[in-house]
Protein chains: 2
Amino acid sequence: MSLRYALLALLRVGPLSGYELQKQFAMSVGHVWHAPDSQIYPELRKMEAEHLIEGEEQTRGQRATRRIYHVTDTGEQAFLAWMHTPLKYARVRDPAHLRAAYLEAATPEAAREFFRSHIMQWEGELAQWEGELLRIDELANPMLVRRLAVTQPEDRERTIAFKRFTYEGLVERARGEIAWARRGLKLIDELDRSAGARADRDTARV
Amino acid sequence: MSLRYALLALLRVGPLSGYELQKQFAMSVGHVWHAPDSQIYPELRKMEAEHLIEGEEQTRGQRATRRIYHVTDTGEQAFLAWMHTPLKYARVRDPAHLRAAYLEAATPEAAREFFRSHIMQWEGELAQWEGELLRIDELANPMLVRRLAVTQPEDRERTIAFKRFTYEGLVERARGEIAWARRGLKLIDELDRSAGARADRDTARV
DNA sequence: TAATCCATGTAATGAGTTACATGATTCT
DNA sequence: AGAATCATGTAACTCATTACATGGATTA
């Protein structure tokens, strides 16, 4: 259900074709809400059927066409209504912490590998989000620049501030996950040592 | 796909009926992987069809029956194989941060309400996870106690350590979300002030 | 003329949510 | 006798993933 609001958020800045939208999506909203093109095209059609957006067919070259979508009044209202509606939080469903809770069933090497890939995963996200923070500060994000261009001067500060604030939160989360996983690696070392010590003691006794 | 491993993790401790499993689930793995009963019962049937678990019909009173499930060798192997398999990370899909990125479109009061409910949401999770941490330390979690009872003495330290470590991570995450949302509330105050100051200055000029 | 973009989908499957549905047993 | 709990599901729907499918336009 959030997908359509993510799409509306982008289209509110200005009309785009499905293809452009999909590209822009990956580089902006896609950082907080992933969607593949195979989901975006049908969703646009559905949104058009519900009159949230309108598409205009444009010719391209001799035979090809493309559809340029823009937000309707209904769509704008739906977006604002959603912004003023309490968010539904999804129930926890966290495969990484599920696995972490049962790591005693894995070999220490597999447990280490788990934490290492957790670190890599979140370092990837961190890099994305830090990059986005930089692009916000330097006004180097094209969608943000277009957004500011159609925003009342007195609202520009807010627009930038909330975007920045969002990515700050994501960056902190990523750092938290990385720190946790690093501590996980240390924990495995400690457990190894303490198991080793116990084994030594037992051998000594025998 | 994680659901079945969450179920296996619980059943590995000892046989349970679907109903008991579902109750235990909510009180243990459910803290990291939520699943309603309408999902658990069919999944158990599917897992039985794939020989990961076996169910034995038990009579209850005069007419009623219940099915007690236990993990088969195949199931045990499948669980261990999963534990040694790289985790698939789901793509980001974060409605809260999606909304946060566009809060300039909401009234300040709606934006405040958003952050307040974000805080409440995560305080709820935090309380759950801190409670679980306490129950781990006091060995007051029945599933953990049963787990330890069937665990080799030399593995008990690891078992407790990983469980503790998991919930520590969740607690930190919740605290992070809460801290972020509190800063969000402050940010709105600041933007309000700066907007107010601008308005005053403009009026003064006129 | 081949590669790369531009452009738009469908189809099958799986995972999860919500609502509905039913009946036995045990405890008070 | 009524409430709570035990016990087990089905059905309809939405959302998301993965794979497949096609073809025009542009540029090197």
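Computed over heavy atoms, backbone and side chain alike; hydrogens, waters and symmetry mates excluded. Per chain, numbering begins at 1; letters A, B, ... match sequence-line order.
Protein atom CG of Leu21(A) is 15 Å distant from nucleotide atom C1' of dG9(C), rounded to whole Å. Straight-line distance from the CG atom of Leu16(A) to the P atom of dT8(C): 11 Å, rounded to whole Å. For the pair Arg66(B) CZ and dG23(C) C1', the interatomic distance rounds to 17 Å; values are reported in whole Å. Spacing between atom NZ of Lys23(A) and atom P of dA7(C) amounts to 10 Å, rounded to whole angstrom units. In this structure, OH of Tyr19(A) is placed 8 Å from P of dC5(C), rounded to the nearest angstrom. Between the CD atom of Gln22(B) and the P atom of dT5(D) there is a distance of 13 Å, rounded to whole Å. One can place CD1 of Ile40(B) at 15 Å from P of dT10(D), the figure rounded to the nearest angstrom. Residue Glu20(B) contributes atom CD, which lies 14 Å from atom C1' of dT8(D) at whole-angstrom precision.
Taken from CG in Leu11(A) to CG in Leu16(A), the straight-line distance is 5.5 Å, to the nearest 0.5 Å.
Checking Glu54(A), Glu56(A), Glu48(A) one by one against Arg67(A), the salt bridge (charged side-chain N to carboxylate O under 4.0 Å, His left out) holds for a single residue, Glu48(A).
Ion pairing between a basic and an acidic side chain is recognised when a charged N comes within 4.0 Å of a carboxylate O; Glu190(B) and Lys186(B) show no such pairing. Under a 4.0 Å N-O distance rule, the pair Arg116(B)/Glu113(B) qualifies as a salt bridge.
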> How would nucleotides 11-22 of chain D be written as a contact map, 5' to 3', with B for base contact, S for sugar-phosphate-only contact and - for no contact, using protein heavy atoms under 4.0 Å?
Replying inline: ----SSBBB---

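As judged by a 4.0 angstrom heavy-atom cut-off over every strand, Arg60(A) is placed among the base-contacting residues. Counting non-hydrogen atoms under 4.0 angstrom, Arg45(B) reaches the backbone sugars and phosphates but no base.
Of the listed nucleotides (dC6(D), dT10(D), dT25(C)), dT25(C) has the atom at the smallest distance from the side chain of Gln62(B).
Between Trp180(A) and Phe165(B), a ring centre-to-centre spacing shorter than 6.0 Å is recorded.
Side chains of Glu132(B) and Gln128(B): no donor on one and acceptor on the other come within 3.5 Å.
Ring pair Trp129(B)/Trp122(B) is tilted by interplanar angle, where 30° to 60° counts as tilted.
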